[in-house]
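These notes are about the structure you will find just below.
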Amino acid sequence: MKKNTLPSSRTNPGKTFYEKVYELVRRIPAGKVTTYGIIAEELSIRSAARMVGWALNHADLETVPAHRVVNRNGELTGKGHFPTPDTMRRMLETEGVSFRPDGSVNLERHLFRFTRSL
DNA sequence: GACATGACGGCAC
DNA sequence: AGTGCCGCCATGT
């Protein structure tokens with residue numbers, strides 16, 4: 001049997017690291033974005049935000065809205081992993097996300113925070 | 001098994 | 001305020 005080559009993640013005993021990331025990303029509503037750091041924090045690995053990006057790199061863009069994840073500056077650092085360099089931005093704009101003159105996402109307006117206490 | 005790399009973040013300078 | 005280095009977790013060579 002093909003063992004799941006997915007990371008066992010000592011920080012995530014049950015589900016795999018990927019699943020956790022994808023699940024969170026799927027919670028991001030259209031028109032909103034979140035950062036790698038925030039997701040990492042939700043996963044209790046704040047200092048390893050890079051892992052989030054790494055997980056998204058293995059994500060299925062068809063089922064995971066990876067375009068809604070930007071870095072802390074609101075920059076579309078993952079655009080290079082989409083079909084074309086402007087795919088990410090176009091998708092966000094389509095969802096109503098506004099950008100700043102420098103091309104970064106206006107986090108003040110679109111930053112989504114995972115509300116745990118509802 | 002060691003070393004380098006990665007869709008990052010925080011802190012020091 | 002901008003630049004640089006280190007940390008952190010998993011993977012590939």
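Chain letters run A, B, ... following the sequence lines, proteins first, then strands; residues in each count from 1.
- Here A/N71 lies in heavy-atom contact (under 4.0 Å) with sugar-phosphate atoms only.
- In terms of the salt bridge (charged side-chain N to carboxylate O under 4.0 Å, His left out) criterion, A/R50 has no residue partners (sequence neighbours excluded).
- Note on A/S47: a base of the nucleic acid sits closer than 4.0 angstrom, heavy atoms only.
- Whole-Å rounding puts the A/W54 CH2 to C/dG7 C1' distance at 18 Å.
- In this structure, NE2 of A/H58 is placed 6 Å from P of C/dG12, rounded to the nearest angstrom.
- Distance NE2 (A/H67) to C1' (B/dA7): 14 Å, rounded to an integer number of Å.
- Ranked by how close their nearest DNA chain C nucleotide is to the 5' end, A/A48 and A/R72 are led by A/R72.
- Judged by the 6.0 Å distance and 45° axis criteria, A/R89 is positioned over the aromatic ring of A/F99.
- At whole-Å resolution of the value, NZ in A/K20 and P in C/dA10 are 14 Å apart.
- Aromatic ring orientation, A/Y18 versus A/H58: tilted (interplanar angle from 30° to 60°).
- Rounded to an integer number of Å, the gap from A/I45 CD1 to C/dA10 C1' is 10 Å.
- A/L43 places its CG atom 16 Å from the P atom of B/dC8, with the value rounded to the nearest Å.
- Taking atom P in both B/dA4 and C/dC5, one finds a spacing of 16 Å when rounded to whole Å.
- Here the shortest heavy-atom pairing between A/L24 and A/F114 reads O-CE2, 3.1 Å.
- Counting atom types as modelled, A/R50 pairs a side-chain N or O with a base atom of C/dG7 as donor and acceptor under 3.5 Å.
- Atoms CZ (A/R46) and P (B/dC8) sit 17 Å apart, rounded to a whole Å.
- The local environment of CZ in A/R46 is sparse, with at most 12 non-hydrogen atoms from other residues, nucleotides or ligands closer than 6.0 Å.
- Residue contacts shown for A/A66 include a base, since a base heavy atom lies under 4.0 Å away.
- Distance A/H81 NE2 to B/dT5 P: 16 Å, rounded to the nearest Å.
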